[in-house]
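One-based numbering, in listed order, for ligands and for the atoms of each. Remember, predicted model here, so these are calculated numbers, not experimental data.
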Amino acid sequence: MRRTWSLLLMLVLSSAVVLSVAWAAQVKIVVEGEHYNSIKPSMAVGTSQSASGGKFVHIPLRRPHGENESGPYDNGNAVFKINVPRAGIYRLWARTHWHDECGNSFFVVVDGGQPSWIGEDGTVQKWHWVKGKSYTLSAGVHTIKFQNREDGAKLDQFLLTTDTRYVPTRIEKETKQYLVGN
Ligand SMILES: [Ca+2]
């Protein structure tokens with residue numbers, strides 16, 4: 001009986017070790033929108049007291065707004081270079097502020113690949129985190145581009161994490177160690 005208990009205890013302890021190692025190995029990369037490596041108009045820097053660091057990047061609102069049915073009127077963008085510490089599947093999240101439901105998304109281009117997008121949710125006129133797609137990234141330097149899809153879209157921060165259960169809710173602390181040339 002005593003042997004059974006000690007075996008059970010060992011099992012519990014070793015599971016705890018495995019779990020804590022797995023937890024510690026999760027990677028979270030947080031980048032401020034205003035800490036881009038390059039920017040192309042109409043993407044521009046804006047200021048707000050409710051943005052992390054007081055700044056964000058955005059596609060400024062146009063008049064008329066959201067009228068162009070053939071697509072974005074330019075390819076304004078901000079490019080970020082990050083050094084991914086280990087290979088994995090990374091979930092993208094972005095802290096955004098949308099003007100309305102005609103100004104609530106960005107294109108996202110990773111390493112010059114096929115554009116995907118983030119946003120198209122119904123939360124407007126409020127800073128909030130939106131969930132993006134997952135990307136398979138190798139260890140090393142990658143480029144993330146946020147590009148004009150609709151005017152009136154603001155980006156305060158974005159993050160990439162291997163932790164699929166992680167849901168950001170407030171301003172995150174930037175992880176400067178993963179930024180390249182910034
Ligand atoms: Ca910011």
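- The Ca ion (ligand 1) has an N, O or S atom of S52 under 3.0 Å away, backbone or side chain.
- Sorting the N, O or S atoms of D156 by how far they are from the Ca ion (ligand 1) puts OD1 first.
- Using cut-offs of 30° and 60° for the angle between ring planes, the F146 and F106 rings count as perpendicular.
- The aromatic rings of H65 and H99 stand perpendicular to each other, their planes meeting at an angle above 60°, with 30° marking the opposite boundary.
- Residue-level check: among N/O/S atoms of E32, OE1 sits closest to the Ca ion (ligand 1).
- Angle O(K55) to the Ca ion (ligand 1) to OE2(E34), rounded to 10°: 80°.
- Side chains of Y135 and S116: a donor on one and an acceptor on the other come within 3.5 Å.
- Listed by first and then second residue, the salt bridge (Lys or Arg N to Asp or Glu O under 4.0 Å) pairs that reach into residues 29-54 come to none, sequence neighbours excluded.
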